[in-house]
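Below, each value reflects all heavy atoms present in this structure, side chains not excepted, and no hydrogens, waters or symmetry copies. Starting from 1, each residue takes its place in the sequence as its number.
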Amino acid sequence: MIREIHDASARFVPPVDAMWETAIPAPAGEIICHNDLAPWNLVIGDRWTFIDWDAAAPSTRLWDLAYAGQAFALSDDARSPEAAGRDLAALVDGYGADRALRRDLPRAMEERTAAMLALLEDARSAGEEPWASMHANGHGEHWSRALRYVRDNRAVWSRLLVG
């Protein structure tokens, strides 16, 4: 499903004067990405649908997939890295990722997770909502743990994704 979204987006040419509002800057503008592909934005039923497109903006497949991989497979830092890695590999297999994307994903997940934590911490310091409240309500601690988990286990996931 994520691959289909990305492939459809690759065919979209936004107007030259399009304005984008995104909380976390992307490393490049390869395609228009959702930028918040996560279980809390997926409605499952007869038809599966991603909602909450307010962060959609130019980004890269890698950056969007890094967030989705972290959100869908690596959110529970109490899980064994191998079990989480198998889930991550299943997501990446379903995406049909090539070798380069598989190779680059663990590093990108660390960078994307660090960017999310930085957003929350900076917003807390500046009092910028809704991020400051999210930080206070546990999201800051969650993303801090997530970043440690990704950093500690990147090699495991690289091995599982690339071999």
Atom [atom1] in [X], atom [atom2] in [Y]: separation rounded to 0.5 Å?
X    : Y    : atom1 : atom2 : value
L74  : T113 : CG    : OG1   : 8.0 Å
D98  : D104 : CG    : CG    : 9.0 Å
L62  : H6   : CG    : NE2   : 10.0 Å
E128 : R124 : CD    : CZ    : 13.5 Å
S125 : H135 : OG    : NE2   : 8.0 Å
S144 : Y149 : OG    : OH    : 15.0 Å

*Please test L88 against M109 for side chain to side chain contact (heavy atoms under 4.5 Å, CB included), starting from the C-alpha separation and ending with a verdict.*
CA-CA 11 Å; L88 178 62; M109 287 186 329; 3.6 Å; yes
Provide the closest heavy-atom pair for [X] versus [Y] in the form atom of the first, atom of the second, distance.
X    : Y    : result
Q70  : A146 : NE2-CB, 3.4 Å
P58  : A26  : O-CB, 3.6 Å
R79  : A73  : NH1-O, 3.5 Å
P81  : N153 : CG-OD1, 2.9 Å
H34  : D64  : N-OD2, 3.5 Å
E110 : R154 : OE1-NH1, 2.7 Å

With a 4.5 Å cut-off on side-chain heavy-atom distances among I, L, V, M, F, W and Y, is there a chain of contacts connecting [X] to [Y]?
X    : Y    : answer
L65  : W48  : yes
I31  : W53  : no
V162 : V156 : yes
I51  : L42  : no

Under 4.0 Å between a side-chain nitrogen and a carboxylate oxygen: does that hold for [X] and [Y]?
X    : Y    : result
R86  : E82  : no
R148 : E141 : yes
R61  : D7   : yes

State whether the side chain of [X] and the backbone N or O of [Y] hold a donor-acceptor pair below 3.5 Å, judged by distance alone.
X    : Y   : answer
N35  : A55 : yes
R112 : A66 : no
S9   : I5  : no

*Side-chain contact, heavy-atom cut-off 4.5 Å: P106 with L161?*
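A side-chain contact under 4.5 Å exists here.
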*asked:* With a sphere of 6.0 Å drawn around CD of E129, does it hold more than 12 non-hydrogen atoms of other residues, nucleotides or ligands?
replied: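 It does: E129 CD has more than 12 such atoms within range.
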_Audit row: I32, W20, side chain to side chain contact (heavy atoms under 4.5 Å, CB included) steps and yes/no_ = CA-CA 10 Å; I32 306 304; W20 307 98; 3.7 Å; yes
*What do the steps show when you test L91 against I2 for side chain to side chain contact (heavy atoms under 4.5 Å, CB included), and what is the final call?*
CA-CA 9 Å; L91 181 85; I2 295 170; 4.2 Å; yes
_Members sharing L117's hydrophobic cluster (side chains within less than 4.5 Å)_ =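 L117 clusters with I24, W40, W63, Y67, M116, L119, L120, W131, M134, W143, L147.
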